[in-house]
Engineer: 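Structure incoming, see below.
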Amino acid sequence: MFGRTALALATLILTRPAPLVAQSDAERNFADESPIERDLRMQWWRDARFGMFIHWGLYAVPAGEWEGEPTPSTGEWIMAGANISVEDYEPLAEQFNPPKYDPAEWVRLARRAGQQYIVITSKHHDGFALFDSDVSEYDVVDATPYGRDLLAPLAEEARRQGVHLGFYYSIMDWHHPSQFVDPDAENQLSGHANNRIRPDRKEEYIEYMKAQLRELVTRYDPAILWFDGEWVDWWTEADGKDLYNYVRSLKEDIIINNRVGKGREGMRGLNRGPGYAGDFGTPEQEVPDTGLPGVDWESCMTMNDTWGYRADDQNWKSADELIRTLVDVASKGGNFLLNVGPKADGTIPDESVSRLEAIGEWLRANGESIYMTEASPFDQPEWGRYTRRDPTTLYAHIIDWPNDRRLRIPAVPVEVSAASILTADGSTPVHFEQSHTGIVVYLPAAAPFTSASVVRLTFADKW
Ligand code: FHN
């Protein structure tokens, strides 16, 4: 990895033209970087493949229930789902006091799961900040009995334990006085989704966001800014480009998702065309059908049906299903950002912890087939998925173990020098035959893993 970075750096120094006139950061268009500069900036993120998403805020207190009734929305949307006014929602802050919040344990859990980065909500649509903002009283330090910054110790722990940390930040803000609920909206139940801005206060709100983003970037040095809530009709692509440039002027090598601007196409999440702001696409609760050469993307997904904690949501995906999704994402060249919704007491639900532990166990045996890999060079087979790590290693992820115990792989133009199956105890060589029609790998009777078992093929040469 060091070799690749050093080579890229050397090429960059030798090929980057010196600017004729020095530009101030305020004037720079940061999207205007050379492909090699971009590759260098994105490399750690592309190699990481797997991250933890954390949705945590005041909404963890009602946990999906309002006035004794279950609400129709996901946990973090309760303000909209139950049509709660700002005045009625604000007092939740008085009940927010997480005695069991243990950021060191959160980061350890991510590491045990094999997650290389964490993205946490610094401010969701409800406008409440999990850090001590100088431009708002509506934050964990000023408005809750807990009275301490939640992000500072998490950032410290992430740094100490070597995990990259990113911040989610919502552009739409149901609490800021610049915004209001459209009184003519047909569906008042989801009134807060019908968010409007007072035109004469938009500039003030953008300054507010920039002030908070400056606090986040300069105090906690995040690796990623993950915007959301950009679909409101008052937010424009020009606003997105300006915000993108602003954040990169604060930290040049930060990585920013495409929800900073208007590129995202619905839940498909990828850009509707070229030229939009942001560094990567953001499919939500779905995985694209195929790989997307040259496009960086990350599928974010819940383990049950909610992002923010809901006590009644027990619709959990199995660990095997989540592992297969990770494999599917990696085989198409993307990242997987898997969500947890901590409870109001600061603990992560046991169901999430056990699933993360199971994924981590699988990754300890099979991680080389996921991290630092590229999309499959072949069409996806019916029995599973492929990834490729470098020009001489191919991984076959077997999801449906063949009854005849023969794995058939398309022909390749070079010699296969070794084939092994990855197990919890290391790798075991397996017999194979290669001909001009393809490769046949002879598998053992039982699959080592119920989720996906991995055969590694090593080639004598690049192809
Ligand atoms: O409305 C949000 C939702 O609450 C959650 O944060 C997800 C995560 O990607 N994003 C939004 C919808 O696109």
Side-chain angles (χ1 to χ4, degrees), residues 50-64 71-84 89 92 115 117-130 166-176 179 181 187 189-195 224-235 240 255-272 276 278-288 296-310 313 317 322 325 329 334-342 352:
F50 187 31
M52 173 185 277
F53 212 177
I54 305 179
H55 276 71
W56 201 33
L58 296 184
Y59 39 80
V61 173
T71 57
S73 60
T74 47
E76 76 290 354
W77 268 75
I78 192 165
M79 192 172 167
N83 224 4
I84 307 168
Y89 190 85
L92 288 174
Q115 294 169 312
Y117 60 104
I118 294 174
V119 178
I120 184 170
T121 47
S122 64
K123 183 197 85 166
H124 203 266
H125 309 329
D126 65 1
F128 179 79
L130 265 58
F167 295 135
Y168 170 109
Y169 188 91
S170 175
I171 290 167
M172 174 170 75
D173 189 320
W174 297 330
H175 183 269
H176 194 273
Q179 291 154 64
V181 182
N187 181 0
L189 189 66
S190 58
H192 292 279
N194 302 306
N195 167 282
I224 301 166
L225 257 164
W226 211 105
F227 288 96
D228 202 2
E230 84 294 4
W231 58 82
V232 285
D233 62 2
W234 49 266
W235 188 250
I255 295 174
I256 302 172
N257 69 346
N258 67 344
R259 300 188 188 182
V260 66
K262 301 296 262 195
R264 153 158 84 136
E265 201 177 22
M267 295 302 174
R268 218 183 129 248
L270 301 160
N271 282 358
R272 54 188 104 237
Y276 285 99
D279 299 318
F280 63 93
T282 50
E284 180 168 322
Q285 304 286 35
E286 59 182 79
V287 179
D296 290 302
W297 57 274
E298 176 195 67
S299 278
C300 57
M301 210 170 272
T302 50
M303 291 192 204
N304 50 0
D305 292 330
T306 185
W307 299 95
Y309 179 64
R310 271 194 79 114
D313 184 349
K317 296 170 184 108
L322 295 168
T325 304
V329 167
N335 280 12
F336 188 37
L337 188 64
L338 183 59
N339 186 69
V340 296
S352 302

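Just so you know, ligand 1 is whichever comes first in the structure, and atom 1 is the first atom listed for that ligand.
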Engineer: Would you say that Ile54 contacts Ile118 through its side chain, given a criterion of any heavy-atom pair below 4.5 Å between the two side chains?
Structural biologist: yes

Engineer: Tyr59 vs His124 aromatic rings, parallel, tilted or perpendicular, using cut-offs 30° and 60°?
Structural biologist: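 Geometry flag for His124 against Tyr59: perpendicular rings.
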
Engineer: Name all residues meeting the salt bridge (Lys or Arg N to Asp or Glu O under 4.0 Å) criterion together with Arg310; count only those two or more places apart in sequence or in a different chain, and write none if there are none.
Structural biologist: Asp312

Engineer: Residues two or more places apart in sequence or in another chain: which of them pass salt bridge (Lys or Arg N to Asp or Glu O under 4.0 Å) with Glu298?
Structural biologist: none

Engineer: So, using salt bridge (Lys or Arg N to Asp or Glu O under 4.0 Å) as the criterion, who are the partners of Asp126 when residues are at least two apart?
Structural biologist: none

Engineer: Please tabulate, one line per pair, the protein nitrogen or oxygen atoms found under 3.5 angstrom from a nitrogen or oxygen of ligand 1, with distances to 0.1 Å, or say none if there are no such pairs.
Structural biologist:
unit_1	atom_1	unit_2	atom_2	d
ligand 1	1 (O)	Trp77	NE1	2.7
ligand 1	1 (O)	His125	NE2	2.7
ligand 1	4 (O)	Glu76	OE2	2.5
ligand 1	4 (O)	Trp77	NE1	3.0
ligand 1	4 (O)	His124	NE2	3.2
ligand 1	6 (O)	His55	NE2	2.7
ligand 1	6 (O)	His124	NE2	2.8
ligand 1	6 (O)	Tyr168	OH	3.4
ligand 1	6 (O)	Asp228	OD2	3.4
ligand 1	9 (O)	Arg259	NH1	3.2
ligand 1	9 (O)	Glu284	OE1	2.9
ligand 1	10 (N)	Asp228	OD2	2.6
ligand 1	10 (N)	Arg259	NH1	3.4
ligand 1	10 (N)	Glu284	OE1	3.3
ligand 1	13 (O)	Arg259	NH1	3.4
ligand 1	13 (O)	Arg264	NH1	3.2
ligand 1	13 (O)	Arg264	NH2	3.3
ligand 1	13 (O)	Glu284	OE1	2.7
ligand 1	13 (O)	Glu284	OE2	3.4

Engineer: For a 4.5 angstrom cut-off between non-hydrogen side-chain atoms, does His175 reach Met79?
Structural biologist: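 Of all side-chain heavy-atom pairs linking Met79 with His175, none is under 4.5 Å.
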
